[in-house]
K.L.:
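There's a structure below that I have some questions on.
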Amino acid sequence: MYKLNDGQKIPSFGFGTYKLNGRSGVQSIVSAINNGYTMLDTAYNYENEGTVGRAIAESGINRDQLTVTSKLPGRYYAYDDAITALQESLYRAHLDYFDLYLLHWPNPKRGMYVEAWQALIDAQKFGLVKSIGVCNFLPEHLNKLKDETGIMPSVNQIELHPYFNQEPMRQFDADNGIVTMDWSPLGRASSVLQDELLVKLSKKYKKTVGQMILRWELQLNTIPIPKSASPVRQRENMDIFDFEILEEDMRQINGLTKPNGRTKNQDPAVYEEF
């Protein structure tokens, strides 16, 4: 568990739900919950908040045993729009609150993320969300939030995998009391799973390459949120708490990072998503 800067606690490992939609999505998410995942990550733009809510209802798990995250899309960053969109997300999911709610991208050209952040601050006071944070924010965006509202996010969810280890961003987050969460923790592509070094290390530790990567991310003090529709893979992804990667091997994995390692060239300094 991680204690956030607002006093709330969240699990150290989560489950991504991107592209898990409809009936098959419900079944996959119920399977994940039954396999021990207690943190579920969705977003308004995934168009599956209803699926996540239905899976929670069908799982039989008490709501207070789960940590549910969703995200506000850039088209709703005006204050009133943000509050309404958050309420709409809760109605879709049939939930009374989200445990964690994030701004999905800074969209700096539009310059509305501070207004949206103020809406999240107030939504937290209203009881619509327990903790608030951001995705894909760079130091300059985070500093602006603090300068203009006095409140830093509790979480910054960023792209992070062996080909893009985000060391400077992770250090900034840590220095400012922000927990780093990893989207695309396995790189979205199969290439990283074929990496020669990772294959060699997986044999050394008698684990899969995916397990090696997820364990590496845990030891970076970040929260990976892998997605899988397969119950077998879901269990495999969680089977990473019974070993530890040696420091010298951690350094080798960190050495795989590339300056242009983003999987889809989504640089938050210029990329916009609405």
K.L.:
Between the side chain of Asp182 and the main-chain N/O of Gln157, is any donor-acceptor distance below 3.5 Å?
P.N.:
no
K.L.:
With side chains defined as the heavy atoms from C-beta onward, is the minimum distance between Leu66 and Ile61 less than 4.5 Å?
P.N.:
yes
K.L.:
Checking the side chain of Ser31 only, and the main-chain atoms of Gln27 only, is there a donor and an acceptor separated by less than 3.5 Å?
P.N.:
no
K.L.:
I want to check something: taking the side chain as every heavy atom from C-beta on, are Thr180 and Ile223 in contact at a cut-off of under 4.5 Å?
P.N.:
no
K.L.:
Does atom NZ of Lys204 have more than 12 heavy-atom neighbours from other groups under 6.0 Å away?
P.N.:
yes
K.L.:
Could you check Gln166 against Arg262 for side-chain contact (heavy atoms from CB on, under 4.5 Å), going step by step and ending with a plain yes or no?
P.N.:
CA-CA 10 Å; Gln166 293 265 35; Arg262 295 185 190 276; 4.1 Å; yes
K.L.:
Using a strict cut-off of less than 4.0 Å between a Lys/Arg side-chain nitrogen and an Asp/Glu carboxylate oxygen, indicate whether Asp6 and Lys130 qualify as a salt bridge.
P.N.:
no
K.L.:
Between Ile245 and Met212, is there a side-chain heavy-atom distance shorter than 4.5 Å?
P.N.:
yes
K.L.:
Within this structure, what is the CG-CD1 distance for the pair Leu86 and Ile132, rounded to the nearest 0.5 Å?
P.N.:
10.5 Å
K.L.:
According to ring-ring contact (aromatic ring centres under 6.0 Å, His included), who are the partners of Tyr163, at least two apart in sequence or on a separate chain?
P.N.:
none
K.L.:
Show, in sequence, the C-alpha distance, side-chain angles and deciding distance for Asn34 and Val30, and conclude whether the side-chain contact (heavy atoms from CB on, under 4.5 Å) test is met.
P.N.:
CA-CA 6 Å; Asn34 290 337; Val30 169; 3.5 Å; yes
K.L.:
Distance alone, cut at 3.5 Å: any donor-acceptor contact between the side chains of Glu49 and Ser89?
P.N.:
yes
K.L.:
Nearest 0.5 Å, what's the CZ-CG distance between Phe241 and Leu218?
P.N.:
5.0 Å
K.L.:
I'd like to check Ile151 versus Lys146 (side-chain heavy atoms, cut-off strictly below 4.5 Å). Are they in contact?
P.N.:
no
K.L.:
Would you check if there is a donor-acceptor pair between the side chains of Thr263 and Glu159 at a distance under 3.5 Å?
P.N.:
yes
K.L.:
Side-chain donor-acceptor pair under 3.5 Å between Asn143 and Glu140, yes or no?
P.N.:
no
K.L.:
Compute the centroid of each ring, for Phe274 and then for Tyr76, and state whether the two points are separated by less than 6.0 Å.
P.N.:
no
K.L.:
Please say whether the positively charged group of Arg63, taken as NZ for Lys or CZ for Arg, lies over the ring of Tyr97, i.e. under 6.0 angstrom from the six-membered ring centre and within 45 degrees of the axis.
P.N.:
yes
K.L.:
Hey, mind stepping through Arg233 and Glu236 against salt bridge (charged side-chain N to carboxylate O under 4.0 Å, His left out) and telling me if it holds?
P.N.:
CA-CA 5 Å; Arg233 186 63 56 79; Glu236 183 181 285; 3.4 Å; yes
K.L.:
With a 4.5 Å cut-off on side-chain heavy atoms, are Tyr79 and Asp122 touching?
P.N.:
yes
K.L.:
Do side-chain atoms of Asp195 reach the backbone of Leu197 as a donor and acceptor pair under 3.5 angstrom?
P.N.:
yes
K.L.:
Would Arg75 and Asp81 pass as an ion pair if we require N to O under 4.0 Å?
P.N.:
no
K.L.:
Treating Ile, Leu, Val, Met, Phe, Trp and Tyr as nodes and any side-chain heavy-atom pair under 4.5 angstrom as an edge, say whether Met169 and Phe164 lie in one connected cluster.
P.N.:
no
K.L.:
Under 4.0 Å between a Lys/Arg side-chain N and an Asp/Glu carboxylate O for Arg92 and Glu88?
P.N.:
yes
K.L.:
Atom CG of residue position Asp96 - does it have more than 12 heavy atoms of other residues, nucleotides or ligands inside 6.0 Å?
P.N.:
no
K.L.:
Name all pairs fulfilling the side chain to side chain donor-acceptor pair (under 3.5 Å) condition that reach into residues 102-111, sequence neighbours left out, sorted by first residue then second.
P.N.:
Trp105-Glu273
K.L.:
Tell me if the CD atom of Gln65 is crowded by more than 12 foreign heavy atoms within 6.0 Å.
P.N.:
yes
K.L.:
Please name the pair of heavy atoms, one in Ser131 and one in Leu4, separated by the smallest distance, quoted to 0.1 Å.
P.N.:
OG-CD1, 3.6 Å
K.L.:
Using atom types as modelled and distance alone, determine if a side-chain donor or acceptor of Gln234 lies under 3.5 Å from a backbone N or O of Ser28.
P.N.:
yes
K.L.:
According to a 4.5 Å side-chain heavy-atom criterion applied to Ile, Leu, Val, Met, Phe, Trp and Tyr, with indirect links allowed, do Val68 and Val26 form part of one hydrophobic cluster?
P.N.:
no
K.L.:
Who pairs with Tyr77 by ring-ring contact (aromatic ring centres under 6.0 Å, His included), at least two apart in sequence or on another chain?
P.N.:
none
K.L.:
With a 4.0 Å cut-off, would you call Asp242 and Lys207 a salt bridge?
P.N.:
yes
K.L.:
Would you compute the distance between atom CG of Leu40 and atom OG1 of Thr42 and round it to the nearest 0.5 angstrom?
P.N.:
9.0 Å
K.L.:
Taking it one step at a time, do Tyr18 and Asn48 satisfy side-chain contact (heavy atoms from CB on, under 4.5 Å)?
P.N.:
CA-CA 8 Å; Tyr18 180 57; Asn48 72 346; over 6 Å; no
K.L.:
Check whether the side chains of Arg215 and Gln211 place a donor and an acceptor atom closer than 3.5 Å, and report yes or no.
P.N.:
no
K.L.:
May I ask you to say whether Glu58 pairs ionically with Arg54, meaning some side-chain N is under 4.0 Å from a carboxylate O?
P.N.:
yes
K.L.:
Do Leu142 and Met152 pass the side-chain contact (heavy atoms from CB on, under 4.5 Å) test, and can you show the C-alpha distance, the side-chain angles, and the key distance before you say yes or no?
P.N.:
CA-CA 7 Å; Leu142 293 164; Met152 271 291 198; 4.1 Å; yes
K.L.:
Please name the pair of heavy atoms, one in Pro108 and one in His141, separated by the smallest distance, quoted to 0.1 Å.
P.N.:
CB-NE2, 3.9 Å
K.L.:
Which heavy atom in Leu160 sits nearest to a heavy atom in Leu220, and how many Å separate them?
P.N.:
CD2-CD1, 4.2 Å
K.L.:
Are side-chain heavy atoms of Ile240 and Phe13 found at a separation under 4.5 Å?
P.N.:
yes
K.L.:
Is it true that Leu193 and Val232 fall in one hydrophobic cluster, defined by side-chain heavy atoms closer than 4.5 Å?
P.N.:
no
K.L.:
For the hydrophobic clusters of this structure (ILVMFWY residues joined by side-chain heavy atoms under 4.5 Å, transitively), does one cluster hold both Val209 and Phe243?
P.N.:
yes
K.L.:
Working to the nearest 0.5 Å, report the span between CG of Asn254 and CD of Glu167.
P.N.:
6.5 Å
K.L.:
For side chain to side chain donor-acceptor pair (under 3.5 Å), just list the numbers for Tyr271 and Lys264, CA-CA rounded to whole Å, side-chain angles, deciding distance to a tenth of an Å, and then say yes or no.
P.N.:
CA-CA 10 Å; Tyr271 178 79; Lys264 292 194 175 179; over 6 Å; no
K.L.:
Is the shortest side-chain heavy-atom distance between Ser154 and Gln8 below 4.5 Å?
P.N.:
no
K.L.:
In Å, rounded to the nearest 0.5 Å, how long is the span from OG1 of Thr69 to CG of Asp41?
P.N.:
5.5 Å
K.L.:
Do you know which two heavy atoms are closest between Leu72 and Ala116, and how far apart they sit?
P.N.:
CD2-CB, 4.3 Å
K.L.:
Going by distance alone, is a donor N or O of one side chain under 3.5 Å from an acceptor N or O of the other, for Trp216 and Asn165?
P.N.:
no
K.L.:
What I'd like to find out is whether the side chain of Leu20 reaches to under 4.5 Å of the side chain of Lys227, using heavy atoms alone.
P.N.:
yes
K.L.:
When hydrophobic residues are tied together by side-chain contacts of less than 4.5 Å, even through go-betweens, does Met250 share a cluster with Leu246?
P.N.:
yes
K.L.:
Nearest 0.5 Å, what's the OG1-CG distance between Thr51 and Asn21?
P.N.:
5.5 Å
K.L.:
Could you go through Glu247 and Arg251, starting from their C-alpha distance and side-chain angles, then the distance that decides it, and tell me whether this counts as salt bridge (charged side-chain N to carboxylate O under 4.0 Å, His left out)?
P.N.:
CA-CA 6 Å; Glu247 193 173 325; Arg251 281 197 297 270; 3.4 Å; yes
